[in-house]
Amino acid sequence: MQDIQRIGVFTSGGDAPGMNACLRAIVRTALTNGLEVTGIRRGYEGMIEGDLVEMERRSVSNIVQLGGTILKSARSEAFMSEEGRQQAAEHLRENGVDALVAVGGDGTFRGASKLKEEHGFAVVGCPGTIDNDLYGTDQTIGYDTALNTAIENIDRIRDTADAHNRLFLVEVMGRDAGFIALNCGIGGGAELILIPETITEMDVVKERILSLMSAQRRSTIVVVAEGDDLGGAQGIERALRDDPEFSDIELRSAILGHTQRGGAPTAGDRVLASRLGVASVEALLDGHSDVMVGLVNEEVKLTPLPNVYGRRKSIDYDLLKLTQILS
Ligand code: ATP
């Protein structure tokens, strides 16, 4: 087993609330165990440019409550090439880094696996993404906060929709996964939820909306995942506006967008991030590499990175059935 003296830590891909709590846990667990820590700014982009910073206990003081990431995040085209990764590896070696903790999503883990494969670094991943789309953990860091932000916004939209008997199409994030949409739809009492995991047919959507609007004569909220097959809220709005049957219906779209990424992490995300941050360093110290730390049924579980990015995490189809009963 490789003797680890210094770890490098970075956040990469889309930022997620709770990444700072995770960094705090990683840095403090490493220092407590006698390791040195290098912070890598701006993910793989900073790794390639040698944008490195020494991390002390106080470098992560007073950040557990902050959204975003103090190390910044980035997407890096240059890291997709062998030359880019070679450059990144040279900077890490010059700095004495033996092992890495990567906080990010599946793209970040693909990159981390390559650093292990091509340059021999021990790597452990922490699941940091609001999308909750990673196999190997019940929840990802940032998902709970994003979900609660989406619900809070739906509650606000409900007030105005109700006041005017309007139909609102509310688009939420999640890339090609429907976790946020499904759960904020249930929590926000949406009448209809459209997610990428199921085939959405425009005729069926129209019929359902018409029957909801005529039966209840009050607000109707349709939650649409950004990755849904009908082109998100705007795609559906265009189709409805072109249909004379909808000419009397007051219709609005709201895209919640990046509001879902920001803000202070919820208690759940702070605790999850802290647990997984600690577990990631412990995994490295125990000799593990090319794995992601996750929480499954309240227990820390290690999943090989290739399984994380090679498999698709399934939504709970029972929840989908629930919406049909409740709406
Ligand atoms: P999120 O789920 O929040 O979008 P992510 O980690 O999946 O997070 P990506 O943009 O997909 O975000 O990946 C982050 C970075 O990881 C990319 O910008 C790229 O530098 C690196 N990366 C992604 N895929 C690969 C790959 N196949 N090989 C090498 N590096 C990769």
Side-chain angles (χ1 to χ4, degrees), residues 1-13 18-41 43-44 46-47 52-57 59-60 69-71 73 79 85 88-129 134-137 140-141 271-296 299-309:
M1 192 187 85
Q2 183 186 345
D3 188 23
I4 299 171
Q5 286 176 1
R6 175 177 286 273
I7 65 161
V9 60
F10 62 102
T11 49
S12 162
M19 278 184 162
N20 280 325
C22 191
L23 289 175
R24 172 176 174 268
I26 292 163
V27 169
R28 294 200 168 161
T29 309
L31 295 174
T32 301
N33 282 281
L35 302 176
E36 294 168 311
V37 186
T38 296
I40 301 153
R41 291 200 195 93
Y44 292 124
M47 205 180 278
L52 311 177
V53 57
E54 188 70 26
M55 304 293 279
E56 311 284 355
R57 282 190 89 80
S59 319
V60 289
T69 155
I70 59 162
L71 286 179
S73 189
F79 193 80
R85 295 194 291 274
E90 279 166 20
H91 285 300
L92 294 175
R93 279 201 205 97
E94 278 164 20
N95 195 258
V97 171
D98 317 293
L100 291 161
V101 180
V103 186
D106 60 336
T108 299
F109 298 156
R110 282 176 206 272
S113 274
K114 289 202 171 142
L115 270 180
K116 176 186 181 274
E117 228 171 83
E118 295 168 7
H119 300 283
F121 291 99
V123 293
V124 169
C126 271
T129 166
L134 294 178
Y135 180 83
T137 190
T140 56
I141 298 162
V271 174
L272 177 69
S274 301
R275 289 180 78 177
L276 295 183
V278 171
S280 64
V281 176
E282 287 178 349
L284 279 174
L285 289 169
D286 286 344
H288 296 285
S289 180
D290 211 22
V291 293
M292 183 191 82
V293 290
L295 208 61
V296 177
E299 276 186 35
V300 172
K301 195 182 151 206
L302 305 183
T303 304
L305 288 181
N307 289 0
V308 177
Y309 49 73

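The analysis underlying the following values was restricted to heavy atoms, covering all of them including side chains, and did not include hydrogens, waters or symmetry mates. For clarity, every value in this text was computed on a predicted model and none was experimentally measured.
- No side-chain heavy atom of L285 sits under 4.5 Å from any side-chain heavy atom of T29.
- Between atom CG of residue L134 and atom CG of residue L305 there is a gap of 10.0 Å, rounded to the nearest 0.5 Å.
- Summarising the geometry of T137 relative to T140, their closest heavy-atom pair is CG2-CG2, 3.9 Å, with the distance given to 0.1 Å.
- When each of I7, T38, L115 is tested with L100 by the rule side-chain contact (heavy atoms from CB on, under 4.5 Å), just one qualifies, namely L115.
- Residues M292 and Y135 come closest through the heavy atom pair CE-O, 3.5 Å.
- Between atom CE of residue M47 and atom CG of residue N95 there is a gap of 11.0 Å, rounded to the nearest 0.5 Å.
- Across K116 and D290, no two heavy atoms sit closer than the pair CD-CB, 3.5 Å.
- Residues D106 and T129 have side chains not in contact (no heavy-atom distance under 4.5 Å, counting atoms from C-beta outward).
- Of the possible donor and acceptor atoms, none in the side chain of S113 sits under 3.5 Å from a partner among the backbone N and O of R110.
- Summarising the geometry, atom CG belonging to L52 is positioned 6.5 Å from atom CG belonging to L92; distances are rounded to the nearest 0.5 Å.
- At least one donor-acceptor pair under 3.5 Å links the side chain of S289 to the backbone N or O of V123.
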Inset, instruction - Test V293 against R275 for side-chain contact (heavy atoms from CB on, under 4.5 Å), laying out the working first. - result: CA-CA 10 Å; V293 290; R275 289 180 78 177; over 6 Å; no
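- Within the 4.5 Å cutoff, side-chain heavy atoms of R6 are placed close to those of E54.
- Once rounded to the nearest 0.5 Å, the distance linking CD1 of I40 with OG of S12 reads 10.5 Å.
- Taken to the nearest 0.5 Å, the CG atom of L302 stands 8.5 Å off from the CG atom of D286.
- Contact detail for L276 and L295: the closest heavy-atom pair is CD2-N, 4.0 Å.
- Using a 4.5 Å heavy-atom cutoff, the side chains of N33 and E282 are not in contact.
- Contact between A25 and S274 at its shortest, heavy atoms only, is CB-O, 3.5 Å.
- L284 CG to I26 CD1: the interatomic distance, rounded to the nearest 0.5 Å, is 9.5 Å.
- Without hydrogens or angle criteria, R85 side chain to F79 main chain gives a donor-acceptor distance under 3.5 Å.
- Between the side chain of Y44 and the backbone N or O of T108, at least one donor-acceptor pair lies under 3.5 Å.
- Taking each heavy atom of V296 and K301 in turn, the nearest pair found is CG2-CD, 3.8 Å.
- Between M55 and L71, the closest side-chain pair of non-hydrogen atoms falls below 4.5 Å.
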